[in-house]
Number of protein chains: 2
Amino acid sequence: MNAEDNHVDLRVRRTRKLLWEALLDLIMEKDFETINIKELCDRAMVHRTTFYSHYQDKYDLLEQGMQAMYNEMTSLWPSPEKALAQFGWHTPPENFVHIYKHTAENRDFYHRMLCRPGVSSFRSQLSQYFLEYAQARFDRIDLPDSQVPAQAILRFIVGAMLELVTWWVESERPQSPEEMALYTLRLITYGVYPTLGIDPQSHNP
Amino acid sequence: MNAEDNHVDLRVRRTRKLLWEALLDLIMEKDFETINIKELCDRAMVHRTTFYSHYQDKYDLLEQGMQAMYNEMTSLWPSPEKALAQFGWHTPPENFVHIYKHTAENRDFYHRMLCRPGVSSFRSQLSQYFLEYAQARFDRIDLPDSQVPAQAILRFIVGAMLELVTWWVESERPQSPEEMALYTLRLITYGVYPTLGIDPQSHNP
DNA sequence: AAATTTAAACGACACATTGTAGAAAAAAGG
DNA sequence: CCTTTTTTCTACAATGTGTCGTTTAAATTT
């Protein structure tokens, strides 16, 4: 995936790729916790000792794979400034659109990671990423003093966002990413602004 | 907990109680997955073979304990009909209040189960309970034809709800359960109604 | 194309954990 | 106090983990 990958021994890249694909395969079939390293290696056609020369354990492998997914998803997001500049009540937000597109392209993966019960560490990590991004946007807006703490609002946004994505990933999805992005925007901001005491129609966040 | 418990051998009740408390203890200290049955039994001061005469494995124990928690939480909820009858924009919804109270009373447990990364199966099961209840309420409301599917709206509600509870459980919580219930109601319904094309102020859901 | 370097495969190992079985000891319950 | 039930105890097989040298194979370099 990276440019530096070409300098890495071909065998190493192949081994890692095989192990990751085997994990994805197995994760579609059974719960992550019930997967053991022997069956993972059998599936990957890699010797068990080779696995241990690359990863500490199965959690290590999972984490490195998840990291790659996060990077893919967020690498296309606009900066908070750009996102604010593009804001409009009838414009599907670019970052939301990317989220829906990316999850659709990797539907199997996200389905397994997010839908019930899924891998809890993935959900919470993703939630963390979303939170940081939302926080950065929030910091650039003038907010009135509210009884509801800003942190609670942010968590509301992230929780709603994640659950909508999860629903979309596991549903038949007649909606396009753009439609979903717009609905998501509305469900969230229509809720947030009046609660904070701002008129959503007159105010441009 | 149940009335029938008195007919059950004292030793059996004691053993189960000790094992559950030991699990709670350990779950505060480390990830559920890393807990093994030997250390659980040591903590509970119960022999390992005794554990196996009560439960299949640690997941079985966890599930039975979680079940008891769900029951405690939902046993106090009003029926969907009653909840609808009590609705008001300035009345903290009774079920929401119960949720915040119950989670506050069992804060350690919910903190461990919901906060990151938590036990994913608990979150998803709880989410399922919420969904069914919200569904039942939704079924009793006349909804206009909307581009946004009802299921997506329900998932939005549940996701937002759960995340707000999670935030509250892990925060310092200067807010009372009643306040949180009211904010939760507003964040959610202010977002839902306009998105569905209904004026929230004029419409009584 | 050959030489060098590096990674993968192999078999063996110690170790921990799981889940089960049967007999002895302990403690409820009536 | 006697019967019944549960718990403890010891032992066991089965499975999975993580680590070592050594050998084999294949990629990279010259």
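These figures come from a predicted structure and were not determined experimentally. Order of the sequence lines sets the chain letters (A, B, ...), proteins ahead of strands, with each chain counted from 1.
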With the side chain of A:R11 defined as its heavy atoms from C-beta on, choose the nearest nucleotide among C:dA28, C:dA7, D:dT17. C:dA7

If you draw a 6.0 Å radius around CD in B:Q64, do more than 12 non-hydrogen atoms from other residues or ligands fall strictly inside? yes

Please verify the inter-ring angle class for A:Y100 with A:W168; under 30° counts as parallel, over 60° as perpendicular, anything in between as tilted. perpendicular

Does the pair B:E29/B:R112 count as a salt bridge with the N-to-O cut at 4.0 Å? no

Could you state the CG-C1' distance from A:D42 to D:dG16, rounded to the nearest angstrom? 13 Å

OH of A:Y59 versus C1' of D:dG18: gap in Å, rounded? 15 Å

From the set C:dA8, D:dG18, C:dG19, return the single nucleotide nearest to any side-chain atom of A:T15. C:dA8

May I ask you to verify if any side-chain N or O of B:R14 is less than 4.0 angstrom from the OP1 or OP2 atom of C:dA28? yes

Whole-Å distance separating the CZ atom of A:R13 from the P atom of C:dA8: 12 Å

Assuming nearest nucleotide by heavy-atom distance, tell me which of B:K38 and A:R16 is located more 5' along DNA chain C. A:R16

Round to a whole Å and report the spacing from CG of B:D9 to C1' of D:dT5. 6 Å

Pairing donors with acceptors under 3.5 angstrom, does anything connect the side chains of B:T74 and B:Y133? no

Quickly work out the A:N36 CG to C:dT17 P distance and round it to whole Å. 17 Å

What donor-acceptor contacts under 3.5 angstrom involve side-chain atoms of residues 80-87 of chain A, with partners at least two apart or in another chain?
{"residue": "A:E81", "atom": "OE2", "partner": "A:R140", "partner atom": "NE", "Å": "2.5"}
{"residue": "A:E81", "atom": "OE2", "partner": "A:R140", "partner atom": "NH2", "Å": "3.0"}
{"residue": "A:Q86", "atom": "NE2", "partner": "A:E94", "partner atom": "OE1", "Å": "3.0"}

B:L10 side chain, from C-beta outward: closest of C:dA8, D:dG18, C:dG29: C:dG29

Could you tell me if the ring centre of B:F32 sits under 6.0 Å from that of B:Y59? yes

DNA chain D contacts among residues 43-56 of chain A, heavy-atom distance under 4.0 Å: A:R48, A:T49, A:Y52

Take B:Y70 and B:F122 through the ring pair (Phe, Tyr, Trp, His ring centres under 6.0 Å) test and state the conclusion after the steps. CA-CA 10 Å; B:Y70 300 138; B:F122 183 78; 5.4 Å; yes

What is the separation between atom CG on A:L40 and atom C1' on D:dG16, rounded to the nearest whole Å? 14 Å

Rounded to whole Å, how long is the line connecting atom CD of B:E33 with atom P of C:dT17? 15 Å

Send over the distance from A:D57 CG to C:dA16 P, rounded to a whole Å. 18 Å

